[in-house]
Amino acid sequence: MGETSPDTVIDSLTGLPGRPAITRALTSDDGPVSVGAVLFIDLDRFKWVNDSMGHQLGDEVLKAASRRLLEAVRQDDVVARFGGDEFVIIMAPIKSVADTTSMARRIVEALSQTMSIENRQIVVGASIGIAIMSDGLDPELLLRQADLALYEAKRRGRGRHVIFDHRLAAMADHRVRIERSIRSAVDEQWLSLHYQPIISLRTDGIVGFEALARLIDPELGPISPAEFIPLAGEIGCMKVMGRHLRRQLMVDAALARQTWPEVSLAFNLSPAETEDRDLADIIGTECEEFGVDPTSLTLELSEDMLVQDRGWLERTLVRLREMGCRISLDDFGTGRASLTSVKKLPIDEIKIDRSFVTDIGKSRFNQATCEAILLLANALDATVVAEGIETHEEADLLRQIGIHHGQGYLFAKPAPVDWSAAELPVSLQAVD
Ligand code: C2E
Ligand code: MG
Ligand code: MG
């Protein structure tokens, strides 16, 4: 696939026109074309096919996809290869926007049909972004709009089309600003850790704290970790950010050991960090460097990481546990892990996701889920933590069920802690 260059007039692999044809089709002698649409198409599972079945087969998939596109379009539409597994269709003229959406549906349908190539049955699927031409719009801008719509189509779950509108531009703009913030966060010292206590539901005493990252951009204000952690993973910044946060945790854990020897500090690991095969050794070295006893650390990972496990996560977790770290399964019940993968892993703790804890008194289903998770945890000799407890009713019911630990705004919100101080801030002291 790498041999062909769609920058040329005709792409030698597919025989389709390359990028120059796109600009040409979007420009008439009098300037930009006035009524039409650009469809930006990306094959959903192409990378997977190419990586797992080989480039030769990948090339055949691209050729088959090109043929299907040519069959789907109208006579005067232009089909071009943009690059890699991306294609562009220019529809000009169009009578209404409906012309473009029915075309998009036809293409998604055509590219979702099985391809028989070299005795293999392959289904790739496609996502499409659409931009509608309006008078005088620069071809480059139009392509960028279609590309943004394509990004949104993929974000919404692939196998669909999205038409560009200005909200998408605002979202993209927001994303760009957050990306910029992520890239500066470590150097500019915009990151910190807040801590939320984990409470024994039996004694009401504090058994540990969860470290939660906070990013405050001086211009944008606080950015939620639920937003910046996945984005940092996507843009390849999570390793550096994770390392920076871990070092902060190590400093705090070393101090906490002197004043609060009995508390355990929990730290969230992101998928990007667990991709590092040496993670266990890195954490071991960091513990030595900062004088932290690994037994005082709990590492939280989410269920979905088990699904993507390529074999080494299990080894990493076994190593971490041998070193003395506790392993916790976060947001349990919301991910896609099978019970088999849970059974295989060395797990010390299961955290029930907040969605099963909220209004547990009013939902038989939520209550049954908490009971079932407790049974499962007991069989694994694991502790159960209920997340997101906000009311006394929720805490009482969870206590009755027999859930060991709890965490939530009822007890304390995450807050900064000066671990060298002899007293915890009042806001973090567990209430009776
Ligand atoms: P999580 O690990 O499940 O953390 C619990 C989240 O629930 C935290 O949100 C916490 O502030 C929030 N929470 C706790 N009690 C309550 C409650 O009673 N009500 C409500 N509504 N929320 C409650 P936060 O701090 O926004 O973090 C969101 C997620 O971001 C975390 O979910 C975790 O997955 C991720 N995250 C946070 N810090 C880090 C980090 O340092 N590294 C990594 N890899 N991920 C992090
Ligand atoms: Mg967590
Ligand atoms: Mg959680």
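Counting convention: from 1, in listed order, for ligands and their atoms alike. No experiment lies behind these values; they were computed from the predicted model shown.
Checked for salt-bridge contact, Arg144 and Asp138 miss the test: no charged N lies under 4.0 Å from a carboxylate O. By the 4.0 Å N-to-carboxylate-O rule, Arg158 lies too far from Asp42 to be salt-bridged with it. The pair Arg177-Glu219 does not count as a salt bridge, with every side-chain nitrogen at least 4.0 angstrom from each carboxylate oxygen.
Atom 5 (C) of ligand 1 has Glu387 OE2, 3.9 Å as its closest protein atom, hydrogens excluded (heavy atom only). Here the protein heavy atom with the shortest distance to atom 10 (C) of ligand 1 is Leu212 CD1, 3.8 Å. Looking only at protein heavy atoms, the nearest one to atom 41 (O) of ligand 1 is Ala213 CB, 3.4 Å. Taking atom 34 (O) of ligand 1 as the reference point, the nearest protein heavy-atom neighbour is Asn268 OD1, 4.4 Å. From the protein, the heavy atom lying nearest to atom 19 (N) of ligand 1 is Glu390 OE2, 2.5 Å. Given atom 36 (N) of ligand 1, the protein heavy atom at minimum distance is Pro225 CB, 3.9 Å. Ranking protein heavy atoms by distance to atom 15 (N) of ligand 1, first place goes to Gln196 NE2, 3.1 Å. At the top of the distance list for atom 3 (O) of ligand 1, counting protein heavy atoms only, stands Asp331 OD1, 2.9 Å.
The cationic atom of Lys413 (NZ for Lys, CZ for Arg) lies less than 6.0 Å from the six-membered ring centre of Tyr409 and within 45° of the ring axis.
Counting only residues at least two apart or on different chains, the salt bridge (charged side-chain N to carboxylate O under 4.0 Å, His left out) pairs with a member in residues 160-171 are Asp165-Arg167. Residue pairs meeting the salt bridge (charged side-chain N to carboxylate O under 4.0 Å, His left out) criterion with at least one member in residues 183-193, sequence neighbours excluded: Glu179-Arg183. Identified under the salt bridge (charged side-chain N to carboxylate O under 4.0 Å, His left out) test for residues 106-118, with sequence neighbours left out: none.
Taking every heavy atom of Pro414 and a limit of under 4.0 angstrom, the matching atoms of ligand 1 come to 11 (O). Taking every non-hydrogen atom of Leu269 and a distance limit under 4.0 Å, the qualifying atoms of ligand 1 come out as 44 (N). Taking every non-hydrogen atom of Ser270 and a distance limit under 4.0 Å, the qualifying atoms of ligand 1 come out as 44 (N). The atoms of ligand 1 that sit less than 4.0 Å from any heavy atom of Leu245 are 41 (O).
With a 4.0 Å cut-off on non-hydrogen atoms, Asp330 touches ligand 1 through its side chain and not its backbone. Of all the heavy atoms of Arg214, the ones lying under 4.0 Å from any atom of ligand 1 belong exclusively to the side chain.
Close to ligand 1: Glu210, with a non-hydrogen atom less than 4.0 angstrom away. The shell of residues lying under 4.0 angstrom from ligand 1, judged by heavy atoms, includes Arg354.
If you check the side chains of Ser328 and Glu300, you find no donor sitting under 3.5 Å from an acceptor. Checking Ser302 against Asp304 by side-chain atom types alone, no donor-acceptor pair falls below 3.5 Å. At a cut-off of 3.5 Å, with distance as the only test, a side-chain donor of Ser127 or Asp44 sits close to an acceptor on the other residue. A donor-acceptor contact closer than 3.5 angstrom is absent between the side chains of Gln56 and Glu60. Inspection of the Asp11 and Thr14 side chains reveals an N or O donor paired with an N or O acceptor under 3.5 Å.
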- Query: Under the side chain to side chain contact (heavy atoms under 4.5 Å, CB included) criterion, do Asp348 and Thr383 qualify, and how do the steps go?
  - Reply: CA-CA 6 Å; Asp348 301 282; Thr383 309; over 6 Å; no
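Within the 4.0 Å cut-off (strictly below), no protein heavy atom is located near atom 7 (O) of ligand 1. Contact annotation for atom 32 (O) of ligand 1: protein absent (non-hydrogen atoms, distance under 4.0 Å).
Annotation: Phe209 is in aromatic contact with Trp419 [ring centroid separation under 6.0 Å].
Gln196 places no side-chain N or O within donor-acceptor distance of the main-chain N or O of Ala211, the cut-off being under 3.5 Å.
Take the Mg ion (ligand 2) and draw a sphere of radius 2.8 Å; the protein N/O/S atoms inside it number 4.
Of all the listed residues (Phe411, Tyr409, Phe228), Tyr409 holds the heavy atom that lies closest to atom 23 (C) of ligand 1.
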